[in-house]
Amino acid sequence: MKNKLVVHNTLTKKKELFTPIHKDYVGLYVCGPTVYGEPHLGHARPAVTFDLIFRYLQHLGYKVRYVRNITDVGHLENDADEGEDKIAKKARLEQLEPMEVAQFYIDSYHIAMDMLNVKRPSIEPRASGHIIEQIEMIQKILDKGYAYVSEGSVYFDVEKFDKNYGYGKLSGRVLEELFSNTRTLDGQDEKRNPADFALWKKATPEHIMKWSSPWSVGFPGWHIECTAMSTKYLGEHFDIHGGGMDLLFPHHESEICQSTIANGVESVKYWLHNNMITINGQKMGKSLGNFITLNEFFTGNHALLEKKYSPMTIRFFLLQAHYRGTLDFSNEALIAAEKGMNKLYAAFETLSRLKINDTPTEKAHLDWVERCYEAMNDDFNSPKVIAELFEATRLINLAQQGAIHFNHEEITEFKRNFELFFFDILGMKRENAENNNQDLVEQLMQLILQIRQQAKTDKNWEIADAIRQQLNTIGITVKDTKEGATWEKDVN
RNA sequence: GGUCUCUUGGCCGAGUGGCUAGGCACCGGUCUGCAAAACCGUCUACUCCGGUUCGAAUCCGGAAGAGACCUCCA
């Protein structure tokens, strides 16, 4: 399994066999959030995507160091490097310390990610905590002659880089074309070339997030943090760098420039990019103002939402599309995802209660497991895995009806693999997994169902229906089957 | 304008040079006191036009439409 994983590398635009730089170890760096707003569905996509990747790599037996940064400085407002720091602007508006704003949104992000059952990364470094590393790296780039100081700011010399190393290999950008078509921006005069990007920016007097540096009191440029932090925690050469497609240019392209000069090597072996969420065919993003926050999904409190959607519904919805494709939001699609997901949870419950039949099985019912592995090995094809879980569900239901039979060994394997893919790899949250009252609840439910059965035998439909109705009210669904009544707890 | 990507049925979404993706919805049936679930079955596809091929939704070319990026965004 382990040596069959194929990943799509944005750098080569091809699927490549995944072989880690150091046997059995994987370094994974993902661009995390800029914390100046409530986390929205767009933030959930890379988080869930790389959570899936993190989980699967671990399942394959790799020891993974997963680094996901938090950008709490240096991200500028407006279209130019001349803008005001986003965090600082928000802070002034709300009369708060910048770090207070950052902390507030970091907490919001963590809460939302926990609800989505996204595993915390191994290290979650903050840009503000790595100013020294960033300054050191800028100095290195200056020493090597690929940056220049201008008015207290430091800029990367893109033209020189292009001449010697070739600029734009990740995004397919050609430098000359960037010149001719670049927008006219304010304050470009400090730069020798409009394509140059800031490594360090001198702070204006009213700028409140600033640090001392050899060049000025200021703050680091947007791109340098990821290069500095990935180098610090994963080394100069590491396996996977991920993030949203919108970061491809200029952010990741700039990272390549920085690491190539500062470290002398191109640091990343595989670039992985998740696609965007769209809403009415348009990208959901902060700038367009068409985003829906995760909390709004969880509470249903948004004009575009017909109802509330549980965190697991959101997660399942995201996993039902391949991470490299766009995914269009709609109530209809979310409701469909929710129903499908509930079907899988119900099937898992049924699986636990399935009667074992030790008559010899005509054929094994585990083909789907192999297909799940094939799907995951093919660039993490979660929608295919989900399709296979539905196939497994069909088998479970057939078994419950006695149409097919599982022997003891087979049912153990079946259950183990269903749990593996649904809970461990897709990362769907287990409901009541470590509930110690499980047995008690089961016995109480059996008692209630027996009473109801007696009422039914007596044709006392009022009592029978009342029991079912009231159980329904507290989130338990009763189903009458040929074999007698069964029950299940509603998800959410 | 430049670069790139996409276009699958009512909706969402996989995929492969020839074999049903899957889910949701709809319709019919089995089951059923009713309900729900489940199961069985039916029904809608591969944007258009050329080319390659015994055979293309799948490869190539062109057109149309949509989207992303072009120093804010995940």
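Predicted model only: the values in this text are computed from it and were never measured.
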Q: For B:rC39, take OP1 and OP2 only and decide whether either is under 4.0 Å from a side-chain N or O of A:Asn397.
A: yes
Q: Would you tell me if any nitrogen or oxygen in the side chain of A:Lys283 comes within less than 4.0 Å of OP1 or OP2 on B:rC69?
A: yes
Q: For the C1' atoms, the ones on B:rC19 and on B:rC34, what distance do you get once it is rounded to whole angstrom?
A: 44 Å
Q: Whether the A:His252 and A:His273 side chains hold a donor-acceptor pair (N or O, under 3.5 Å, no angle test) is what I'd like checked.
A: yes
Q: Which nucleotide wins on minimum distance to the side chain of A:Lys343, given the candidates B:rG33, B:rG13, B:rC24?
A: B:rC24
Q: Pick out which of A:His8, A:Lys384, A:Lys15 makes a side-chain hydrogen bond (donor to acceptor under 3.5 Å, both in side chains) with A:Asp378.
A: A:Lys15
Q: Heavy-atom nearest nucleotide on RNA chain B for A:Gly32 versus A:Thr278: which residue maps closer to 5'?
A: A:Thr278
Q: Less than 4.0 angstrom from a charged side-chain N to a carboxylate O is my criterion; do A:Arg371 and A:Glu374 meet it?
A: no
Q: From the options B:rG22, B:rC11, B:rG33, select the nucleotide whose nearest atom is closest to the side chain of A:Arg452.
A: B:rG33
Q: Check every strand shown and say whether A:Gly244 touches a base, only sugar-phosphate, or nothing at a heavy-atom separation below 4.0 Å.
A: sugar-phosphate
Q: May I ask which nucleotide in the shown strands pairs with B:rC59, Watson-Crick or G-U wobble, both distances under 3.5 Å?
A: B:rG51
Q: If only side-chain N and O atoms of A:Lys384 are considered, is one of them under 4.0 Å from the OP1 or OP2 phosphate oxygen of B:rG13?
A: no
Q: Need the pair for B:rG28. Rule: Watson-Crick or G-U wobble, both distances under 3.5 Å, any strand; none if unpaired.
A: B:rC40
Q: Give me the distance, rounded to whole Å, that separates B:rU3 from B:rC48 when you measure between the P atoms they each carry.
A: 27 Å
Q: If I take atom CG in residue A:Leu170 and atom C1' in nucleotide B:rC4, what distance separates them, rounded to the nearest angstrom?
A: 12 Å
Q: So which nucleotide does B:rG1 pair with, by the Watson-Crick or G-U wobble rule with both distances under 3.5 Å?
A: B:rC70
Q: Can you measure A:Leu389 atom CG to B:rA14 atom C1' for me and round it to whole angstrom units?
A: 14 Å
Q: Determine the Euclidean distance between corresponding P atoms of B:rC60 and B:rG18; express it in Å to zero decimal places.
A: 15 Å
Q: Can you confirm whether the side chains of A:Glu190 and A:Tyr155 place a donor and an acceptor under 3.5 Å from each other?
A: yes
Q: Are A:Arg192 and A:Asp196 close enough for a salt bridge, meaning some N to O gap below 4.0 Å?
A: no
Q: Can you tell me, in whole Å, how much space there is between the C1' of B:rA25 and that of B:rU42?
A: 14 Å
Q: Ignoring the backbone of A:Phe249, work out which of B:rC70, B:rA25, B:rA14 is nearest its side chain.
A: B:rC70
Q: Look at the rings of A:Phe423 and A:Tyr345 and say which category their plane angle falls in: under 30° parallel, 30 to 60° tilted, over 60° perpendicular.
A: tilted
Q: Where the side chain of A:Ala321 is concerned, which of B:rA21, B:rA68, B:rA14 is the nearest nucleotide?
A: B:rA14
Q: To the nearest angstrom, how far is A:Leu351 atom CG from B:rA38 atom P?
A: 15 Å
Q: Does B:rG15 have its OP1 or OP2 closer than 4.0 Å to a side-chain nitrogen or oxygen of A:Asn381?
A: yes
Q: If I take atom CD in residue A:Glu332 and atom C1' in nucleotide B:rG23, what distance separates them, rounded to the nearest angstrom?
A: 12 Å
Q: Nearest to the A:Gln282 side chain among B:rA38, B:rG15, B:rA68, which nucleotide is it?
A: B:rA68
Q: Nearest-Å distance, CG (A:Asn275) to P (B:rG13)?
A: 11 Å
Q: From the set B:rU71, B:rA68, B:rC12, return the single nucleotide nearest to any side-chain atom of A:Asp328.
A: B:rC12
Q: Would you indicate what A:Ala333 reaches in the nucleic acid, counting non-hydrogen atoms under 4.0 angstrom: base, sugar-phosphate, or nothing?
A: sugar-phosphate
Q: If the P atom of B:rC40 is compared with that of B:rC31, how far apart are they to the nearest Å?
A: 16 Å
Q: Determine the Euclidean distance between corresponding C1' atoms of B:rG17 and B:rC46; express it in Å to zero decimal places.
A: 15 Å
Q: Honestly, is A:Lys163 close enough over A:Phe161, meaning NZ or CZ under 6.0 Å from the six-membered ring centre and within 45° of the axis?
A: no
Q: Measure from CG on A:Leu344 to P on B:rA37 and round the result to the nearest Å.
A: 15 Å
Q: If you take atom types as modelled and just measure distance, does the side chain of A:Arg468 reach the base of B:rA36 with a donor-acceptor pair under 3.5 Å?
A: no
Q: Suppose we define a pair by two distances each less than 3.5 Å, Watson-Crick or G-U wobble; what does B:rA64 pair with here?
A: B:rU7
Q: Any salt bridge linking A:Arg126 with A:Asp72? Criterion: basic side-chain nitrogen under 4.0 Å from a carboxylate oxygen.
A: yes
Q: Please tell me which of the listed nucleotides, B:rG23, B:rC12, B:rA35, lies nearest to the side chain of A:Leu327?
A: B:rC12
Q: In terms of side-chain heavy atoms of A:Arg394, which of B:rC40, B:rA14, B:rA35 is nearest?
A: B:rC40
Q: Using a 4.0 Å heavy-atom cut-off, does A:Ser254 contact any base of the nucleic acid, only the sugar-phosphate backbone, or nothing at all?
A: nothing
Q: Can you check whether any acceptor in the base of B:rG33 is under 3.5 Å from a donor in the side chain of A:Asp465, or vice versa?
A: yes
Q: In whole angstrom, give me the gap between the C1' atoms of B:rU32 and B:rA37.
A: 11 Å
Q: Pick the P atom in B:rA57 and in B:rC49, then give their distance to the nearest Å.
A: 11 Å
Q: Just compare B:rG33, B:rA14, B:rC40 and give me whichever is closest to any side-chain atom of A:Trp461.
A: B:rG33
Q: What does A:Leu41 touch in the nucleic acid at a heavy-atom separation under 4.0 angstrom: a base, only the sugar-phosphate, or nothing?
A: nothing
Q: Over all strands shown, is A:Met245 touching base, sugar-phosphate only, or nothing at heavy-atom distances under 4.0 angstrom?
A: nothing
Q: Tell me: CG of A:Leu247 to P of B:rC4, nearest whole Å?
A: 20 Å
Q: Rounded to whole angstroms, how far apart are CG on A:Asp246 and C1' on B:rG67?
A: 13 Å
Q: Could you check which of B:rC72, B:rC34, B:rU71 has an atom nearest any side-chain atom of A:Pro250?
A: B:rU71
Q: Need to verify one output field. Residue with the more 5' nearest nucleotide on RNA chain B, A:Glu391 or A:Lys479?
A: A:Glu391
Q: Examine distances only and state if a side-chain atom of A:Lys191 and a backbone atom of A:Phe156 form a donor-acceptor pair shorter than 3.5 Å.
A: no
Q: Base, sugar-phosphate, or nothing: which does A:His322 touch, judged by heavy atoms less than 4.0 Å apart?
A: sugar-phosphate
